[in-house]
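Note that the coordinates shown come from a computational prediction; the quantities given were computed from them, not determined experimentally. Count residues from 1 along the sequence.
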Amino acid sequence: MRNPNLLMVESININFDKVHEMSEGDVAFEKELLHAISNSVKELKERYLQGLDKKDPEILHQARHKVKPTITIFELRKLSFVLENGRNLINTKGLNADLDNHYHLFEEAVNDLLADINSTIN
């Protein structure tokens, strides 16, 4: 049986149908999977913001690279869009560019995603 909470949430942040497909209807596993996604995104946030603060392209690259499979598999569209725009901005203007707007968009994308996930597990 499908987790009824997933039916209530339509999101540009995560494709809950992918979560359901992977869990094959096992609600307990679905929750574990959502916790794993949440933990991965929290780790990304910590490392990515550290990379921005330190203006360290290697930390940013590693943070993006580590979460890429999660972003792809579960279609974390908003976060993917923000990370790609940030990568392009940094590639064209460097880490000394004004990154305040990107920083805020990144935090918003992460927070929105985590809120969507939390609304389904709680």
Side-chain angles (χ1 to χ4, degrees):
M1 181 170 160
R2 186 169 182 164
N3 183 342
N5 289 331
L6 290 184
L7 291 174
M8 296 186 304
V9 178
E10 289 295 324
S11 173
I12 63 164
N13 298 306
I14 183 171
N15 185 337
F16 285 110
D17 287 335
K18 297 290 185 180
V19 174
H20 182 66
E21 283 175 28
M22 188 168 280
S23 68
E24 297 179 339
D26 182 335
V27 175
F29 180 67
E30 204 166 87
K31 284 186 174 191
E32 286 178 36
L33 188 53
L34 287 167
H35 280 292
I37 294 167
S38 176
N39 289 337
S40 177
V41 171
K42 288 174 185 175
E43 182 181 339
L44 165 71
K45 181 179 180 180
E46 180 182 314
R47 295 289 293 156
Y48 195 80
L49 294 178
Q50 179 184 48
L52 287 175
D53 288 339
K54 290 184 175 185
K55 297 189 183 296
D56 187 327
E58 187 58 29
I59 292 174
L60 293 169
H61 172 75
Q62 288 175 359
R64 283 191 307 263
H65 184 74
K66 186 172 182 180
V67 79
K68 189 169 184 142
T70 302
I71 288 173
T72 303
I73 292 167
F74 300 106
E75 298 177 10
L76 310 181
R77 295 175 287 269
K78 185 175 180 181
L79 181 58
S80 177
F81 178 77
V82 170
L83 287 173
E84 183 63 24
N85 284 346
R87 188 178 67 78
N88 290 336
L89 175 67
I90 291 166
N91 285 342
T92 58
K93 296 189 178 182
L95 282 166
N96 291 323
D98 181 9
L99 298 174
D100 286 347
N101 189 46
H102 172 62
Y103 187 96
H104 294 296
L105 290 173
F106 172 77
E107 278 195 312
E108 178 183 288
V110 167
N111 292 339
D112 288 351
L113 172 58
L114 292 174
D116 281 359
I117 291 172
N118 288 334
S119 73
T120 64
I121 9 184
N122 294 327

Got a sec: does the NZ of Lys54 have more than 12 other heavy atoms crowding it under 6.0 Å?
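12 or below, so no.
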In this structure, are over 12 heavy atoms from other groups packed under 6.0 Å from Glu84 atom CD?
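More than 12 heavy atoms, drawn from other residues, nucleotides or ligands, come within 6.0 Å of this atom.
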Of all the heavy-atom pairs spanning Ser40 and Val67, show the shortest one and how long it is.
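For Ser40 versus Val67, the nearest heavy atoms are OG-CG2, 3.4 Å.
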Show the nearest heavy-atom pair for residues Leu99 and Leu95, with the distance to one decimal.
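Nearest pair, atom of Leu99 first, then Leu95: CD1-O, 3.8 Å.
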Between Gln62 and Glu58, a side-chain donor and acceptor under 3.5 Å:
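Per modelled atom types, Gln62 and Glu58 side chains form a pair under 3.5 Å.
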Return yes if some donor-acceptor pair links the side-chain N/O of [X] with the main-chain N/O of [Y] below 3.5 Å, else return no.
| X | Y | answer |
| --- | --- | --- |
| Ser23 | Val19 | yes |
| Thr92 | Asn88 | yes |
| Ser80 | Leu76 | no |

Given the rule in the side chain to side chain contact (heavy atoms under 4.5 Å, CB included) test, do Asn111 and Lys45 qualify, once you have shown the distances and angles that lead to the verdict?
CA-CA 9 Å; Asn111 292 339; Lys45 181 179 180 180; 3.0 Å; yes
Starting from the C-alpha separation in whole Å, work towards a yes-or-no answer on side-chain hydrogen bond (donor to acceptor under 3.5 Å, both in side chains) for Asp116 and Asn13.
CA-CA 7 Å; Asp116 281 359; Asn13 298 306; 2.8 Å; yes
Between Glu108 and Lys78 (salt bridge meaning N to carboxylate O under 4.0 Å), is one present in this structure?
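Salt bridge flag = yes for Lys78 with Glu108.
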Is there a continuous path of hydrophobic side-chain contacts, each under 4.5 Å between heavy atoms, that joins Leu89 to Leu49?
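Shared cluster, yes.
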Contact between [X] and [Y] at the side-chain level, heavy atoms closer than 4.5 Å - yes or no?
| X | Y | value |
| --- | --- | --- |
| Phe106 | Leu79 | yes |
| Lys66 | Leu44 | no |
| Glu107 | Tyr103 | yes |
| Leu33 | Phe74 | yes |
| Arg64 | Ile71 | no |

In terms of the angle between their ring planes, are His61 and His65 parallel, tilted or perpendicular, with boundaries placed at 30° and 60°?
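Judged by the thresholds at 30° and 60°, the geometry between His61 and His65 is parallel.
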Could you check whether Phe29 and His35 have their ring centres less than 6.0 Å apart?
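Not close enough - the centres of the two rings lie 6.0 Å or further apart.
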